[in-house]
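Here, residue 1 is the first one in the sequence, and each next residue gets the next number.
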Amino acid sequence: MDHPHPCDEKSCTIFSDKQANTKRILASDALPLPVGFTNKLFLCIFCATSYFLLGRWSEKKKVGIPLHSLSLLEIIAVIAQISSIIYLWAFFGIVYVQAHIGKGDDERENIVGTAMMVRAMPYPSPSPAPLVSTPRTKVIVNGQMLRENSNEDIAHAVATGKVPSYVLEEALGDCSRAAFVRKLAVEMMTGRSLESLPLQGFDYASVLGQCCEMVIGHIQIPVGVAGPLLLDGIEYMVAMATTEGCLVASTNRGCKAIHLSGGANSILLQDGMTRAPVVRFDSACRAAQLKFFLEDAGNFEMIAIIFNKSSRFARLQSIQCSLAGRNLYMRFKCSTGDAMGMNMVSKGVQNVLDYLQHAFPDIEIVSISGNYCSDKKAAAINWVQGRGKSIVCEAVIKEDIVQKVLKTSVPALVELNNLKNLTGSAVAGALGGFNAHASNIVSAVFLATGQDPAQNVESSHCITLMEPARNGRDLSISVTMPSVEVGTVGGGTQLASQAACLNMLGVKGANMESPGANAQRLAKIIAGAVLAGELSLMSALAAGHLVKSHMKYNRSTKNTTNPVHNSPKEQVEAV
């Protein structure tokens, strides 16, 4: 994190436009009249027309005139009443609706307009476009606005601490220029060239305030494709971003073996993201009282209502408590639609904590995350109880496919799996690591589809099982992955390259017909790719081909005199 440096007030002045930051734009601002007056006006119209029409219809009933026979005045009254009903139903309380429903979709709305109000704040507020015509943070350097200085002068001011690096996007109003200037400043500060770090060809506004801060460029990771993966009757081409040779080719060979054997099947066991705050009381007895309160089925509905206010997709599923002395850990689990859901569940937890502070005045909230979740760490609770999507994927590989495509035998694979993935992992004391290389595939697909790569830790929990099938002739293989944490909206999924990879899989964005279906499908695809990767690597090990293939295809030939060039077919056969 970049810390603000002392600024030379003679050459550099930083201030922010308070009105631009504090005034929140509301949907009701579009009304020609104040929302309160407009609501009262339509309410009066509704009451007046209702009274008028009821009176006229009562008179018609007495004299025998049909009710559907309307005069011009009655037609006008009916139209006015319908208009008032439409307005009152759709727009009444618009400020309340916007304040409570709108905030559930994007946590960044809570900080837009406030992040730059204090001079020493560490990060700029989000900017929706690469070019901002009126920067909210104004910086004066050499007697003129920062954007009016040359890039070299701005970089020098940043390098010498006169201008904080984090204000560049806001002060310049141009995210690409800010990245260029910051990169130049880093070169000045380190005395080392960053010429090889790409800068052009990237939409830096798409990451501002969301994916990355203090941007100076982007890295290049090659994206390969494995497939078609035949899963649940549908063919998928799986994008994999990796720098490891043989990985995509090996996974592709596994996909081929699965496809020729009739495909794989998958099942979703559960879907729920978790967050576990830790609170403290003066005594363990008092902490236990809160534990009993939260685990009481009679209180769950009320707590769920409070929790679910965070988003229209968040639905609390369970609360699990664990006591450590006078400290209480509460593991909240909820569905999150097509989002991975960490922000969503965190906001729901915060709602509950706010309520608990009133119900238990002596509570001390230590942290909204107490590691009982457990996020981005190998933990037994995720292995046993699951987190995110819990998936099982299986396939039966025919004997002739094992021999011709995988170049090994069913008994050899079964024996190797027992000794390596099961016994070997047990001897090593593995936690969720009863597999050959699930993390390889998970990491590659995560990078390609915009997932949080740090969550590869628990998302790669996997147990691979291989057994003889159909009288011992064929191979039954399955992977069980209890904590695949993925989403198809939010975070890096909206970046252009990652969105393209999601679109290739047919799971881009939110599923409007069945919220959560796209993220669940992505988790199944990842499990299917892991199944293919496990099958191929284990076959290479059983046949003794692993070292040979990696020595041939996973070594740099950049500095060798006679690099060997082989066809894609030869590469696939080797791995």
So, the side chain of [X] versus the backbone of [Y]: is there a donor-acceptor pair under 3.5 Å, distance only?
X    : Y    : answer
R192 : M189 : no
S443 : N440 : no
D232 : S266 : yes
S346 : M342 : yes
Q451 : G487 : yes
S206 : D203 : yes
T274 : F332 : no
N518 : G509 : yes
N308 : L316 : yes
N511 : S514 : yes

Verify whether one side chain among [X] and [Y] offers a donor that lies under 3.5 Å from an acceptor in the other.
X    : Y    : answer
S335 : D271 : no
Q270 : S390 : yes
Q320 : Y372 : yes
S439 : N456 : yes
S165 : R182 : yes
T464 : E534 : yes
K398 : Q403 : no

Out of curiosity, [X] [atom1] to [Y] [atom2], how far, rounded to the nearest 0.5 Å?
X    : Y    : atom1 : atom2 : answer
I258 : L535 : CD1   : CG    : 6.0 Å
F434 : T423 : CZ    : OG1   : 10.0 Å
R147 : L172 : CZ    : CG    : 7.5 Å
S536 : I441 : OG    : CD1   : 9.0 Å
T488 : Q520 : OG1   : CD    : 10.0 Å
L502 : S497 : CG    : OG    : 11.0 Å

| field | Check against side-chain contact (heavy atoms from CB on, under 4.5 Å), M340 and V486 | value | CA-CA 5 Å; M340 184 271 290; V486 295; 5.9 Å; no
Answer yes or no: is there a side-chain heavy-atom contact under 4.5 Å between [X] and [Y]?
X    : Y    : answer
L247 : H437 : yes
L475 : V414 : yes
V530 : M481 : yes
M214 : V186 : no
E187 : S193 : yes
M240 : T251 : yes
I154 : L146 : yes
E458 : S374 : no

| message | Any carboxylate oxygen within less than 4.0 angstrom of a Lys/Arg side-chain nitrogen, looking at K376 and D452? | response |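 Judged by the 4.0 Å cut-off on N to carboxylate O distance, K376 and D452 do form a salt bridge.
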| SB check E485 R387 (cutoff 4.0 Å) |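 Yes, this pair counts.
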Closest contact, heavy atoms only, [X] versus [Y]:
X    : Y    : result
N151 : L184 : O-CD2, 4.1 Å
A339 : K389 : O-NZ, 4.3 Å
N382 : K377 : ND2-O, 4.1 Å
G492 : Q498 : O-CB, 3.4 Å
I397 : A257 : CD1-O, 4.1 Å
A542 : A412 : CB-CB, 4.4 Å

| request: Show your reasoning for whether side-chain contact (heavy atoms from CB on, under 4.5 Å) applies to L495 and V207. | output: CA-CA 8 Å; L495 300 180; V207 304; 3.7 Å; yes
| If you count the non-hydrogen atoms of other residues, nucleotides and ligands that lie under 6.0 Å from NZ in K404, is the total more than 12? | no
| query | So with a 6.0 Å cut-off around CD of E415, is the heavy-atom count from everything else above 12? | reply | no
| request: Can you spot which of L447, T449, V442 makes a side-chain contact (heavy atoms from CB on, under 4.5 Å) with V445? | output: T449
| task | Tell me, please, which residues at least two apart from Y204 pass ring pair (Phe, Tyr, Trp, His ring centres under 6.0 Å). | result |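 Here the qualifying residues are F202.
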| message | Before you tell me yes or no, could you show the steps for L231 and N265 under side-chain contact (heavy atoms from CB on, under 4.5 Å), namely the whole-Å CA-CA distance, both residues' side-chain angles and the distance that decides it to 0.1 Å? | response | CA-CA 6 Å; L231 177 66; N265 296 308; 5.9 Å; no
| From CA spacing to verdict: side chain to side chain donor-acceptor pair (under 3.5 Å), S425, N421 | CA-CA 6 Å; S425 296; N421 289 342; 5.4 Å; no
| message | Before you tell me yes or no, could you show the steps for R331 and R275 under side-chain contact (heavy atoms from CB on, under 4.5 Å), namely the whole-Å CA-CA distance, both residues' side-chain angles and the distance that decides it to 0.1 Å? | response | CA-CA 6 Å; R331 192 173 192 254; R275 173 60 83 195; over 6 Å; no
